[in-house]
Every structure is written in structure tokens, then in C-alpha cells.
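Count residues from 1 along the sequence.
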Amino acid sequence: MENSSEPPNRSRGIDAATRDFGDDWLWASFGWPDTACTAASRSFARAAGGSAPVTGRRLFELVQFAPPIELSDLQRADDVGADRFSLGWITPIGQPRIRFVGSLIFQREGRVTTALQLLLHRAGRVPAGERDTVIERLSAFMAAGDEGIAFHIDGVITDVSPSLLRMLGYTADEMIGRRTTDFVPPDQHAQVLDAIASGHDVAYESLAIAASGRTVPVEYRAGAITWQGREQRVIIVRDLRERREAEERMRHLAVHDALTGLPNRAHLDAVLAHRTQPDVAQQSPFAVIFLDLDHLKRINDSLGHHVGDQLLISVADRLANFCMLEADAHGPSWIARLGGDEFVILLDYINKDQLLHFCDRLHRTLRSPTALSGHGSVRVTASIGVAVFPDHGHTAADLLRNADLAMYVAKSAGRGATNLFVPTLASDAEQAMKLEADVVHAQRNNELELHFQPLFSTSEGRLQGVEALLRWRHPVRGLLAPLQFLDIIERLLMLDAISAWVLDQALAAVRRWRKLGWHDARVAVNLSRPQVRAPDFERQVFDALKRHDLPGSALEVEVTERLLQQDEDILQGSLSALRAHGVRVAIDDFGTGYSALARLRQFPIDRLKIDRSFVSPMPDDTGASRLVSSLLHLAKSMDLISTAEGVETEAQLRLLRRLGCDQVQGFLLARPMTESAFTERMPMWLGVKPAEAGQT
């Protein structure tokens with residue numbers, strides 16, 4: 001049995017694909033872009049190297065081309081995404097009188113070329129049918145990469161790749177000659193036999209039995225190939241263990257806060273929705289305790305966000321331990337982190353005195369000194385607001401809103417205090433009502449404007465796109481972000497009109513930038529739920545592109561995971577129509593709402609944007625770093641461009657570059673800005689690295 005720690009050796013499988021034709025076939029693999037030979041068939045080594053080894057030597061040291069070609073010719077072909085480079089006459093250095101013909105094949109992992117495969121056959125010595133067969137079989141071995149590959153006739157295995165042997169732990173003798181069904185569990189036999197009987201190209205997820213007897217989750221991709229005069233089936237086997245583990249991590253993260261490990265807002269919403277259901281709600285009342293840490297911003301600004309994060313982790317641990325210790329005295333409680341400096345505790349409610357006693361002890365627990373590495377210790381206070389079900393609300397939204405209102409009253413009263421919700425607090429929402437009235441006139445008074453935040457390639461630092469962000473320049477309150485007014489716009493049914501305005505203004509800016517020299521300028525625009533549900537949504541987008549004389553490639557639409565889950569059927573058709581028109585599609589805030597990869601793969605997606613909540617704790621939080629690494633691995637496995645949002649430190653940028661993230665966006669590089677400010681910086685960004693751009 002092969003040693004499972006043996007490094008991948010794809011040359012053995014490829015050499016097997018060419019060995020039956022002896023010295024009439026030559027094959028070699030070269031690194032890219034250095035073109036150093038990494039592996040070769042024995043026939044190539046004899047022809048090109050003679051008695052000297054060929055590994056480590058450059059392509060142009062081993063063969064001569066007529067007409068001549070240079071490395072720059074290959075680089076240009078790679079830049080345009082060519083699959084292969086056709087050659088004229090090729091003469092191995094070791095056999096100058098023998099002429100070969102063939103191709104250089106670009107081998108890629110996702111979008112990145114990793115190697116060149118040189119496949120040559122002796123002129124006039126190999127029939128066309130055999131030539132096509134060898135090329136097809138070689139392509140199958142290369143397409144498999146480190147995945148396993150097997151050939152079979154009528155279910156009897158005729159050949160296997162070394163990578164499949166390593167994956168399952170068998171030797172070649174233990175697999176060749178046996179039936180394919182010997183290596184899948186009995187309850188999977190019918191699916192395998194149906195795939196064989198169909199004779200069609202198929203792909204499906206199943207299980208494989210390893211030599212140890214354990215089952216391995218795998219994906220099978222099967223197709224037909226003619227080899228040595230007979231039709232055979234080729235099966236490419238992808239090991240899904242890492243993907244399943246990553247999915248499990250994503251599932252956990254979907255309901256847990258990445259920084260503190262506590263349940264997150266999504267988990268809290270689900271728990272509250274359950275506890276407020278009529279059949280459950282009759283059991284007992286409970287209190288929603290909304291806790292907001294005082295002066296965390298001061299710590300972030302003076303000592304840095306990494307110290308603020310350290311404090312949040314310590315507070316979370318202290319709160320969790322407190323709830324566990326208080327269970328005997330006050331009944332069971334449950335805690336979640338909403339985000340930022342906000343936490344929520346759910347406590348079974350008995351009476352007001354017990355509730356206030358619980359909150360008083362909670363204040364005392366928080367005020368105990370908290371040690372911060374390298375910065376001594378601090379005393380933490382919190383403002384607490386409480387709403388009780390069912391007296392102060394019958395839904396999760398009502399309870400959280402009223403507890404939040406009570407908390408703000410406590411904060412306004414001097415912080416470090418507790419305040420119970422009373423109905424009169426609702427009158428404090430007058431300011432919100434005034435803001436709602438102002439929104440109605442905002443667009444008519446030209447108070448809405450677009451700001452633009454660029455994104456850069458992580459490796460080269462090139463400007464690769466820009467995201468359009470809505471802002472409201474309120475005449476009294478100043479510049480407002482969407483979180484402060486977007487829910488009002490949606491409630492007033494103004495979102496359709498404003499979304500159309502955002503799209504039009506964003507494309508107008510792209511048109512102007514293209515005239516100024518950014519010829520492939522592309523803008524990303526966020527889609528809202530009412531917008532995509534409009535019956536003429538696709539037509540609105542196409543008309544806007546036509547109005548500004550722009551191709552579909554000038555636009556990228558961003559949808560959230562939550563929107564995909566809510567309107568899966570509608571979005572599948574709409575996004576496919578946009579994609580067919582050249583419009584790119586991105587998933588925004590990826591990882592904040594768990595989506596099964598099988599579902600994501602059904603959508604025409606080009607790019608995944610990793611949410612800032614995962615990026616912010618890096619690199620000090622190793623858990624967050626591992627999670628981001630997993631998300632990047634998932635994006636790569638789906639052949640999607642990856643973008644990290646919220647990059648604020650050089651350390652984060654360096655780590656993302658090392659992890660292979662494709663694009664970055666954040667305050668370190670550039671804050672959102674007006675179109676005029678963006679236009680002023682644009683020429684510089686088209687030629688500098690993000691770290692340099694961040695210094696402007």
C-alpha cells in the first residue's frame with residue numbers, strides 16, 4: 001500500500017497515458033512562469049536530456065521551436081486565458097534530427113496558471129485517432145488535479161490514478177480488476193449502477209469505502225472516453241471531507257459570533273421567534289435584557305481596536321459565567337452578542353424585584369477590574385434596558401426595540417444604570433418620526449448622493465472595481481449612512497424608486513470614468529428585495545445600461561445570502577438573465593447567513609465578499625483567521641473571485657495576501673468618497689498598490 005504521506009506525483013498517471021506508444025510520444029511538465037521542468041516521461045528524458053537529467057532545466061534549454069517562440073508569446077496567451085498553445089516543428093536538444101509536433105497546454109487551478117504541459121508526438125508516426133485519444137486521456141488526468149481518477153469498462157476498473165490510491169489508501173492491485181460497486185456502500189449501489197447504465201456525463205455526491213473500512217464523502221463526475229479501441233468510462237473523484245468540515249464551521253458561525261463565540265443576532269432572532277410563538281408563549285413570561293457597554297469607543301480610539309476586542313472577549317466570558325452561576329438563584333438565562341458593544345440576555349421572569357436584583361448583580365460583576373494585556377486593567381460599566389414578554393411586546397422585534405429604547409434612556413441618564421421599559425418611552429420615537437418625514441423630501445431636494453469605495457487586487461494592488469454606496473446629506477444631521485434611514489425608505493415603499501436612481505447614477509459615473517481612461521471600469525450596486533421582485537427588474541437594468549451606452553460588464557450586482565434564501569426561485573431566473581447579458585453577480589456579506597454550497601452553486605455567481613465581521617478580528621484572533629481561510633478555500637473550490645471587506649490594518653492585508661484572497665476593500669485602502677474625490681485619485685490608483693493607496 002502506498003505511503004499516504006507521499007507528495008502528489010501526477011507524472012506517473014500522465015506517463016501511463018503515453019507509455020503505450022514508446023518513443024513516438026514525449027511528455028514533460030514545466031513550472032509557470034519560470035518554465036523549469038518538474039516532471040517528464042522517460043521518452044522525453046531520453047530525447048531531450050540524453051544522459052543529463054531534465055528536471056530543473058528550462059523549457060527553452062530542452063527543446064527548439066520552428067518557427068521560434070519566446071516566453072513573452074506564452075505569457076500573452078496565458079493573459080487571454082488560452083487553454084493551449086499550438087506549436088510548429090519541435091526538436092529536442094538531444095535528438096536534433098528528429099522532428100516532433102504537438103501543443104503546450106496551460107494547466108490552471110481556478111483562474112491561475114500553475115504549470116505548462118508539453119505533449120509531443122513524432123511527425124508522421126502516430127495515427128490521428130490515437131493522437132486524439134492520448135490527448136483526451138492526458139486531459140482527464142490533468143483535469144483531475146489532486147482529485148482521484150479511475151477508468152472502467154462495464155463497471156470493472158481498468159486503471160486508477162495515484163491520487164485516488166492515496167485518497168482511499170489502496171494499492172493499484174487492490175483496485176484494478178474489481179468492480180466499482182466494491183468501493184461504495186451497498187445503499188449507494190443503485191445510484192452508481194444507474195450512472196453506468198445511462199452512458200451520459202453525470203455528477204453526483206455519494207460515499208466511497210476506504211481501505212480502512214471507513215466511508216469518505218466524495219463527489220463523482222463520470223463521462224465516456226475511447227481508449228485502446230474500446231469505449232471506457234472515466235470517473236473523477238473529489239474528496240469532500242474538507243468541504244464538509246468547512247460547511248460545519250460555517251453552520252456554527254452562522255449562529256455564533258466570530259469574536260466572542262457567543263450566540264449571534266441570527267441565533268437570538270430564532271430563539272425569540274420560538275419563545276414568542278402562541279403555543280410556547282403560554283408557558284412563562286421572560287425578560288429581554290439589552291446591555292450596551294459604556295465608552296467602548298473611547299478604548300478603541302485610544303488603545304486600538306485590538307484592545308477593544310480583547311475587552312469584548314473578556315466581558316463575554318464574564319457574562320456567560322455570570323449567567324451560569326446565577327441559574328440557581330434566578331432561573332436559567334441565555335446570552336447572545338448582537339454586535340459591536342451590545343449583548344442581550346434572556347431571563348425567565350418571576351417578578352420585578354428579582355429582575356432588578358439580577359441586573360444589580362450584573363452591574364457589580366461588570367465593574368470588577370478587567371485586565372488588558374499590556375494596558376493594565378479597566379473597569380467596565382454598562383447601560384441596561386429591559387422589556388418583559390408579553391407585557392412589553394408580543395414579537396421578537398417589539399421586545400428588542402422596546403428593550404433598546406429602555407437602554408438608551410438608561411444611557412442618557414448617566415450610563416451604568418438599568419431602566420425598565422414603560423409605554424411612555426414610545427414617545428421618545430418622535431425624532432424617528434421627524435426623520436421619516438424628512439426622508440420623503442430627501443430625493444426631491446437632491447439630498448441623496450452616491451459615495452464610492454474602491455476595491456483592489458490583493459497581489460498586484462491594481463484598482464479592479466468600485467462599490468456604489470448610498471448616503472443622505474441631511475440638512476441638520478449631516479451625512480447619514482443607509483443603516484440610519486434605509487428601513488424608513490423601505491417602510492414608505494420608496495425603495496424601488498431610489499434603487500433605480502442609485503443604479504442610474506452609478507452607471508453614469510462609470511461612463512464618465514471610462515471616458516477619462518479607466519476603460520474597464522465596473523461598479524457594484526447592491527440589490528434590494530423589492531427591487532428584484534419587480535416584474536420588470538431585468539428590463540430596468542438593461543435599459544439603464546443602454547441609456548449610458550455601457551456593456552453588461554460595466555455592472556456588478558450584489559445580493560446577500562439572506563436575499564438568496566428568501567427569493568431563491570425569482571433570483572435564479574433574474575440573475576441568469578443578467579449574467580447572460582454580461583453583468584457580474586456577487587454574494588455580499590458571505591458567511592453571515594449559512595447557505596448550503598449546493599444551493600450557492602445553483603446561482604450564476606462570480607464573486608464572494610467575505611463580511612467585515614470575520615476580517616476585523618484578524619490576525620490576532622486565530623479562530624477568525626482560520627475561518628476566513630476556510631471561506632477563501634470554499635470560494636476557490638467554486639472557482640469564484642474572493643473579496644475581503646473591512647480591511648483596516650496592514651497586518652490584515654498581509655495575512656489576506658498570504659491566504660490567497662483575490663481582492664480587498666476597506667478603510668486602510670480608501671474610505672467611501674464622492675465621485676469627484678474618486679475621480680481625482682483614480683489615475684494614481686490605477687498604478688499603485690493598496691498599501692500605498694491607503695496613505696493618500
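Contact detail for Ser553 and Arg522: the closest heavy-atom pair is O-NE, 3.0 Å. Contact detail for Ala644 and Val647: the closest heavy-atom pair is O-CG2, 3.8 Å. Shown here for Leu450 and Val502, the closest heavy-atom pair between the two residues is CD1-O, 3.6 Å.
Using a 3.5 Å distance cut-off with no hydrogens or angles, the side chains of Thr260 and Arg337 do not pair a donor with an acceptor.
Remark: side-chain polar atoms of Gln652 are paired, donor with acceptor, to backbone N or O of Thr649 under 3.5 angstrom. Put simply, the side chain of Asp611 never gets that close to the backbone of Phe614: no donor and acceptor are under 3.5 Å apart. Thr643 contributes no side-chain N or O that, together with a main-chain N or O of Val664, makes up a donor-acceptor pair within less than 3.5 Å. With hydrogens and angles ignored, the 3.5 Å screen pairs no side-chain donor or acceptor of Asn445 with any backbone N or O of Glu447.
Between Arg473 and Glu449 there is a salt bridge, with a side-chain nitrogen of the basic residue lying less than 4.0 Å from a carboxylate oxygen of the acidic one. Contact check on Arg579 versus Asp606 returns a salt bridge, with a Lys/Arg side-chain nitrogen under 4.0 Å from an Asp/Glu carboxylate oxygen. Contact check on Arg265 versus Asp269 returns a salt bridge, with a Lys/Arg side-chain nitrogen under 4.0 Å from an Asp/Glu carboxylate oxygen.
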Practice problem: Show the numbers, then the answer: is there a salt bridge (charged side-chain N to carboxylate O under 4.0 Å, His left out) between Glu650 and Arg657? | Solution: CA-CA 11 Å; Glu650 293 284 355; Arg657 185 179 290 124; over 6 Å; no
Quiz item: Can Arg76 and Asp73 be said to form a salt bridge (charged side-chain N to carboxylate O under 4.0 Å, His left out), step by step?
Solution: CA-CA 5 Å; Arg76 281 192 294 272; Asp73 298 319; 2.5 Å; yes
Quiz item: Where do Glu205 and Arg221 land on the salt bridge (charged side-chain N to carboxylate O under 4.0 Å, His left out) test, with the steps shown first?
Solution: CA-CA 9 Å; Glu205 293 186 6; Arg221 284 176 286 144; over 6 Å; no
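Partners of Thr560 under the side chain to side chain contact (heavy atoms under 4.5 Å, CB included) rule, at least two apart in sequence or in another chain, are Arg562, Leu563, Asp588, Asp589. Qualifying side chain to side chain contact (heavy atoms under 4.5 Å, CB included) partners for Arg249, counting only residues two or more places apart in sequence or in other chains: Glu245, Ala246, Ser630. Residues satisfying the salt bridge (charged side-chain N to carboxylate O under 4.0 Å, His left out) test with Glu648, not counting sequence neighbours, are none.
The aromatic rings of Phe678 and Trp513 are tilted relative to each other, their planes meeting at an angle between 30° and 60°.
In this structure, Arg539 forms no cation-pi arrangement with Phe542, as its terminal cationic atom is not both closer than 6.0 Å to the ring centre and no more than 45° off the ring axis.
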